[in-house]
Amino acid sequence: MSLRLNNLTVSYQRHPAVHHVSGQFAPGRATAIFGPNGAGKSTLLKTMMGLLKPDSGSVELAGFARRDIAYLPQQSEIDRSLPVSVSDLVATGLWHSTGLFGQVTHAGRGRVADALAAVGLKDFAARPINALSSGQFQRVLFARILTQDARLILLDEPFNAVDARTTFDLLELIRHWQEEGRTVIAVLHDYEQVRAYFPHTLLLAREVVAWGETASVLTDDNLRRAAQTAAHWQDRAPVCTVSGEGTA
Ligand code: ADP
Ligand code: MG
């Protein structure tokens, strides 16, 4: 399977948030997306998920479909006030196999229980989701990804407001997903986490600053360039009308 971005530009009211991005994600590996605030990281994930439409360029999936993608938005975008239990939420990861309103089968219940055990929440199945800490809630969302059995996993700042122990456990799960040949793409802010768990990094500041092996991407020089590029974009707030090569 492969996931490729071809000269991708995505805008809000014609102001590009992601500008002429091209490259391929390493299949079966974990890639971190790193970059300053407002660099277009969330926009890029949403576009890959099909939630935003590019102005130009494309997201090319080969060997798998959108239904094989699991997507975890930033916690701030998730409504936790829904009156559902932990196991109900995790079971929604099964909807490709059950249908949206289908009954969860016995095997499905088994998968939900296994997923909860794998994230250390064996006894939490009946708990309402609004009674969880943010770390516990993040474990639940990872359990949902486990039941979904996705080939490609997109995570947007998965460890924000999450305690250190949970972060460690979930990073180990990400390591395990790579061993299973799943492709993981995660927006992260912690340099040490990226270095320890993500062999590849895309450094983004609306445009690609660098993309490749983490050690060669996260250099002082590249990080400085990312900060400069982001500041430059902020000053200009350009309107993009070009559909071909960038003029930036
Ligand atoms: P990041 O995730 O890297 O912090 P985002 O992708 O959220 O960056 O945002 C990139 C740029 O697009 C920012 O300038 C942001 O203000 C703008 N933006 C994001 N979402 C919207 C939106 N829904 N409407 C208008 N502008 C947006
Ligand atoms: Mg974001």
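Atoms within a ligand are numbered from 1 in the order they appear, just like the ligands themselves.
- Atom 5 (P) of ligand 1 has as its closest protein heavy atom Thr43 OG1, 3.6 Å.
- Other residues, nucleotides and ligands contribute only 12 or fewer heavy atoms inside 6.0 Å of the CD atom of Glu213.
- Taking 2.8 Å as the threshold, Asn37 does not count as a candidate ligand of the Mg ion (ligand 2), since none of its N, O or S atoms lies below it.
- With hydrogens and angles left out, the side-chain atoms of Thr9 and Asp55 include no donor and acceptor closer than 3.5 Å.
- At least one heavy atom of Gly40 sits closer than 4.0 Å to an atom of ligand 1.
- Distances from the Mg ion (ligand 2) show that Thr43 has no N/O/S atom below 2.8 Å.
- In this structure, a donor-acceptor pair under 3.5 Å is present between the side chains of Thr92 and Arg144.
- When hydrogens are left out, the protein atom nearest atom 4 (O) of ligand 1 is Gly38 N, 2.8 Å; that is the closest non-hydrogen contact.
- Considering backbone and side-chain N/O atoms, Ser42 comes within less than 3.5 Å of an N/O atom of ligand 1.
- Distance check, rounded to the nearest 0.5 Å: CD of Glu192 to CG of Leu171 gives 12.0 Å.
- In the vicinity of Ala17, heavy-atom distances shorter than 4.0 Å reach the ligand 1 atoms 10 (C), 11 (C), 12 (O).
- The protein heavy-atom contact nearest to atom 19 (C) of ligand 1 is Tyr12 CE1, 3.3 Å.
- Proximity to Asn37 (heavy-atom distance under 4.0 Å) selects the following atoms of ligand 1: 4 (O).
- Listed here is the closest heavy atom pair of Pro54 and Val10: CA-CG2, 4.2 Å.
- Nearest heavy-atom pair, Ala150 versus Ile69, reported as atom, atom and distance to 0.1 Å: CB-C, 4.1 Å.
- Within the 4.5 Å cutoff, no side-chain heavy atoms of Thr229 are placed close to those of Arg206.
- Within the 4.0 Å heavy-atom shell around ligand 1 one finds Arg206.
- Under the 30°/60° scheme for interplanar angles, the aromatic rings of Trp177 and Phe142 are found to lie parallel.
- Not a single protein heavy atom sits closer than 4.0 Å to atom 16 (O) of ligand 1.
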